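Have a look at the structure below before the remarks.
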Amino acid sequence: MRCTCAVVIAAEGVEGVWEFKSQMPARSSTATLTITKSAEGKLAGSWSTQRGESQLSDITFEGGKLKFVQTNSFGGQQMKTTYEGTLEGKSIKGTAKGQFGESTFEGTLQGEAKTGADAIVGEWQMNVNMPARENVEKLTVTKGADGSLSGKWEGRRGESKISNMKFEGGKLTFIRTSEFGGQIRDSEFEGTVEGTR
């Protein structure tokens, strides 16, 4: 049996969690920006405010300059805002341009993204899609002193054994062994980098 799951790997440069503060003529606003990079070097990001979360597009980081497009849905319409700023240490300053005009913003790095195997150590919510249903369960990943990975799976039917866990090239693979009705079944999982943790 083969299943799919989502994991996150973070990279270097502008990757991490940023607190953004935007200043407009009549008001100010705050948001949390999370940027990750895939094993292929592609940047991805999410934008979170009190109104909810949205994904970013057209993210580039070249010559110390970050640029991306943030899309909001309001009243059934999509509104795009283009952000462009310059990285200085752990802060970013720049301008944002949208259909309602231009504003300035400042971003401060709150936490740098983990790299390598450290990027997947921790607890993960696993949404496993079956032909007739979806199971939401939990995977806990730990790393030994020798760098080897191990895991624990907790689900509706109890705890399952995890073996052959590897994280290479941005992909997490492992085998989950479960017992049901007196039968032992192995399920092979492979997870790729998608979005944020």
Side-chain angles (χ1 to χ4, degrees), residues 5-74 77-125 139 141-143 147 149 166-172 190-197:
C5 52
V7 297
V8 170
I9 177 175
E12 53 190 35
V14 76
E15 296 78 48
V17 180
W18 296 82
E19 180 182 316
F20 263 47
K21 296 182 178 179
S22 300
Q23 185 63 50
M24 290 160 274
R27 62 184 178 87
S28 60
S29 63
T30 60
T32 299
L33 170 69
T34 304
I35 298 179
T36 60
K37 188 196 299 187
S38 70
E40 292 75 27
K42 184 178 180 180
L43 292 172
S46 63
W47 181 273
S48 179
T49 68
Q50 291 181 339
R51 295 181 177 178
E53 184 173 309
S54 57
Q55 298 301 306
L56 307 181
S57 60
D58 302 322
I59 306 174
T60 59
F61 182 61
E62 299 175 353
K65 292 186 179 294
L66 173 68
K67 186 175 181 179
F68 61 87
V69 175
Q70 186 258 334
T71 304
N72 274 328
S73 294
F74 184 73
Q77 294 184 336
Q78 288 192 334
M79 297 180 292
K80 296 181 181 294
T81 304
T82 300
Y83 287 77
E84 186 169 353
T86 301
L87 178 68
E88 296 179 1
K90 293 189 176 184
S91 65
I92 294 176
K93 294 182 179 180
T95 57
K97 297 179 181 179
Q99 64 187 78
F100 294 117
E102 185 174 312
S103 62
T104 59
F105 71 85
E106 293 185 10
T108 305
L109 183 63
Q110 303 297 299
E112 295 186 35
K114 297 179 181 179
T115 59
D118 290 332
I120 58 166
V121 172
E123 293 185 355
W124 298 88
Q125 176 180 299
L139 171 69
V141 180
T142 57
K143 187 175 75 168
L149 294 172
K166 296 179 182 179
F167 186 60
E168 299 173 349
K171 290 187 177 182
L172 174 69
E190 178 177 307
T192 56
V193 181
E194 289 182 4
T196 60
R197 186 172 188 167

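Since this is a predicted model, take the numbers as computed values, not measurements.
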Side chains of [X] and [Y]: closer than 4.5 Å at any heavy-atom pair?
X   : Y   : value
I92 : V14 : yes
L66 : L87 : no
T82 : T95 : no
L33 : F68 : yes

List in chain and number order the residues that pass side chain to side chain donor-acceptor pair (under 3.5 Å) with [X], two or more places apart in sequence or in another chain; answer none if no residue qualifies.
X    : answer
K65  : T86
T142 : S150
K80  : T71
N72  : Q70

Could you work out, with side chain to side chain contact (heavy atoms under 4.5 Å, CB included) as the rule, every residue matching [X], not counting sequence neighbours?
X   : answer
K93 : E106
S57 : V69
S29 : S22, M24, R27
T49 : A31, W47, R51

Which heavy atom of [X] sits nearest a heavy atom of [Y], and at what distance?
X    : Y   : answer
G45  : Q55 : O-OE1, 3.2 Å
A96  : T81 : CB-CG2, 3.9 Å
L109 : W18 : N-CE3, 3.2 Å

Legend entry - Results of salt bridge (Lys or Arg N to Asp or Glu O under 4.0 Å) for E102 - residues two or more places apart only: none
Inset, instruction - Applying salt bridge (Lys or Arg N to Asp or Glu O under 4.0 Å), name anything that partners K97, two or more places apart in sequence or on another chain. - result: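 Partners of K97 by the salt bridge (Lys or Arg N to Asp or Glu O under 4.0 Å) criterion come out as none, since no residue qualifies.
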Inset, instruction - Rounded to the nearest 0.5 Å, what's the gap from NZ on K67 to CD1 on I59? Could you check? - result: 13.0 Å
Inset, instruction - Find the distance between CG (L43) and CG (L56) and round it off to the nearest 0.5 Å. - result: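 If I round to the nearest 0.5 Å, the distance is 10.5 Å.
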